[in-house]
Amino acid sequence: MEFLAQSYDIAVIGAGHAGIEAALAAARMGHSTICFALNLDAVGNMPCNPAIGGTGKGQLVRELDALGGEMGRAADLSCIQYRMLGASKGPAVRSLRAQADRRLYQQIMKRTLEQQENLTLKQAEIVSIGIADGRVTQVVTRAGAVYPCRAVIIATGTYLQARTITGSAVQEAGPDGMFAAGPLTDNLIALGLPLQRFKTGTPPRVSAKSVDFDEMEIQAGDDHPEPFSFSTKDPPRNQVVCHLTYTNEETHAIIRENLHRSPLYGGVISGTGARYCPSIEDKVVRFADKKRHQLFVEPMGLDTDELYIQGFSSSLPEDVQIQMLRTVPGLRRAEIMRPAYAIEYDCLDPTALYATMETKSIDYLYGAGQFNGSSGYEEAAVQGYVAGVNAALKLQGAPPLIIDRSQGYIGALIDDLVTRGTSEPYRMMTSRSEYRLLHRQDNADQRMTPLGHRVGLVDDDTLRTVEEKYAAVEREVDRLANTHLPPSAALSDFLESKGAAAPASGISLQALIRRPELTYDDLAPFDSNRPSLDRAAREQVELAIKYEGYITRQLRQIEAFARAEHRVIPPDIDYHAIQGLCLEARQKLDQIRPQNLGQAGRISGVSPSDLTALMIWLEHGRGKTVTKS
């Protein structure tokens, strides 16, 4: 029997990484917010790898932090090993990754939610969302509590109609043995939302007492680790080491002998998994010529013996998992504490969303995280932030926050989802950003802090500090261009020691820094007027000089992008009346309803000739039909 509970401005369904950021953003913007979790012990859970960041993902965390999000701060309080991936490569692909103490991260996030003003944390399962006149009115719990609300954010992760699969052992359950969310799926279908079925997986956890670390390669953290959050003043401390080992021909033979028992190949699993994070059995089948695959052995925390075997995701039966593990160096005596499993779940076709994360068919209903077809904690968190901010802004009658792909990785992620959709769990990678030299993790504060300040989630002092930092960088770049060194024996000897040629005449400090052999700090002995800049500002000076040509080229590309993005398409346009469009383009444009010409051009199935026809209609037709030549 239903009963009326307290009313709120915003209800967030789910307290994973998306739900946390959504709830915090909405509450911090002054709106009464309630965040529902199926189990309060699972708030901020990391059911897969207990790590934050990674290739392309580290950029998301830094951008979220600069916007005023929480993940980066919590990571710096709970992470136990930091590594900069791609450190030997160019700055465009460097990504910070850190191993977290899983339970400590959860404790920090749960406590943050509990202490946040305007925010209520509640254990309950939401079974339906009430709609009247095309907009959200309430949510209802399984216990019958009716919570009137003005906006709803769905951040259900992998719990909707979830089932876990280990061989023939199939269970209606969410991750880590939590129960699944059932009735909400039927409610969402009844509301007309297009759902799809995805699959992800996780590897076994083994006991550290049963592992021979001497047979593995040590993977130490960085000597001078960098934090995720720009607000973290003390450098993080590496407290653990990870290890690297490999599968071998014996491992692969066991997998091949047991493929008939794999639910992945036996038709038990119907959901679509991610190509970029395949199970070990999928790797062996798809890369049959490969002799071995990397396995990273990573601690789950400081106060547990559990180790995570990254790269060993599987849905094979547990007895096969044991056989497989015990062929691997260092794991020949391994005892499984938690077997690997695959998990299937329902999620939304993200083309049903605007770039604000609001659904196109129902006002004030938003989606975030894995519910939107993405994978990963970081992808979820940034979507949660954008959904929470935009729900609050819409209630305030303020303009929305739309981060486009010319501004950062968050923009590329959201644009990919809502414009192109995804047929598998979407994972962010550096290759997905066409402007990645500009969208580095090191300058996320410059790009995102003003946006966070605009919506009220970054304070004046933080914005001022960032503005002063980059003003100092600009002044120093100009000074270096106008500071020249005359030829000297000392300079020639120094350059020779660095493998660089001595100049025949005077040379600017900027020209010297452009040389690949030299750094900004190398030239300190020759620069008596050098200002006092911190490490981050010095890094920005050096990057601005060394990559000036590439940066200028990408800025020109962004200018062209902006021109297309500013060509607004009327929301009521009838694409079927534009005869110059092919049938597929009409259908796709009508389904996605792009907001501008740039977005229209990124839709799969819309060709350059279709785009030309649409452009002509916008310029001249305005209701007249256009025929292709």
**Message:** Main chain of A501, side chain of R515: is a donor-acceptor contact present, judged purely on distance under 3.5 Å?
**Reply:** yes

**Request:** Kindly compute the distance separating CG (D76) from CD1 (I52), expressed to the nearest 0.5 Å.
**Result:** 10.0 Å

**Request:** Might you confirm whether atom CG of D234 has over 12 heavy atoms from other residues, nucleotides or ligands at distances under 6.0 Å?
**Result:** no

**Request:** Would you please say whether a donor-acceptor pair under 3.5 Å links the side chains of H566 and N596?
**Result:** no

**Prompt:** Which value, rounded to the nearest 0.5 Å, describes the distance between I558 atom CD1 and S406 atom OG?
**Reply:** 5.0 Å

**Item:** Pair D461 + R464, salt bridge at N-O below 4.0 Å
**Value:** yes

**Asked** Would you say the side-chain atoms of D459 and T462 include a donor-acceptor pair closer than 3.5 Å?
**Response** yes

**Message:** Between K469 and D445, does any NZ, NE, NH1 or NH2 come within less than 4.0 Å of an OD or OE carboxylate oxygen?
**Reply:** yes

**Prompt:** What distance do M84 atom CE and D222 atom CG have between them, rounded to the nearest 0.5 Å?
**Reply:** 6.5 Å

**Message:** If I take atom CE from residue M428 and atom OG from residue S433, how far apart are they, to the nearest 0.5 angstrom?
**Reply:** 7.5 Å

**Message:** Determine whether a donor-acceptor pair (N or O, by modelled atom type, separation under 3.5 Å) exists between the side chain of N248 and the backbone of T251.
**Reply:** yes

**Prompt:** Does any N or O in the side chain of S508 come within less than 3.5 Å of the main-chain N or O of N482, such that one atom is a donor and the other an acceptor?
**Reply:** no

**Request:** Hey, could you give me the CG/OG1 distance between L512 and T519, rounded to the nearest 0.5 Å?
**Result:** 11.5 Å

**Item:** Salt-bridge present (E379, R427; N to O < 4.0 Å)
**Value:** no

**Prompt:** Is D522 paired with K498 through a side-chain N to carboxylate O contact shorter than 4.0 Å?
**Reply:** yes

**Asked** So, R556 and E559, do they make that salt bridge, N to O below 4.0 Å?
**Response** no

**Message:** Would R405 pass as a cation-pi partner of Y435, given that its NZ or CZ must be under 6.0 Å from the six-membered ring centre and within 45 degrees of the axis?
**Reply:** no

**Salt-bridge criterion met for E542 and R514 (N-O under 4.0 Å)** = no

**Asked** When rounded to the nearest 0.5 angstrom, what is the spacing between CD in Q557 and OG1 in T552?
**Response** 11.0 Å

**Request:** For N45 and R102, test the side chains for any donor-to-acceptor distance below 3.5 angstrom and give the result as yes or no.
**Result:** yes

**Ring geometry between H439 and Y409 (parallel below 30°, tilted from 30 to 60°, perpendicular above 60°)** = perpendicular

**Message:** Under a 3.5 Å cutoff, is there a donor and acceptor pairing between the side chains of R94 and Q441?
**Reply:** no

**Message:** Regarding H252 and T247, do their side chains bring together a donor and an acceptor under 3.5 Å, going by distance alone?
**Reply:** yes

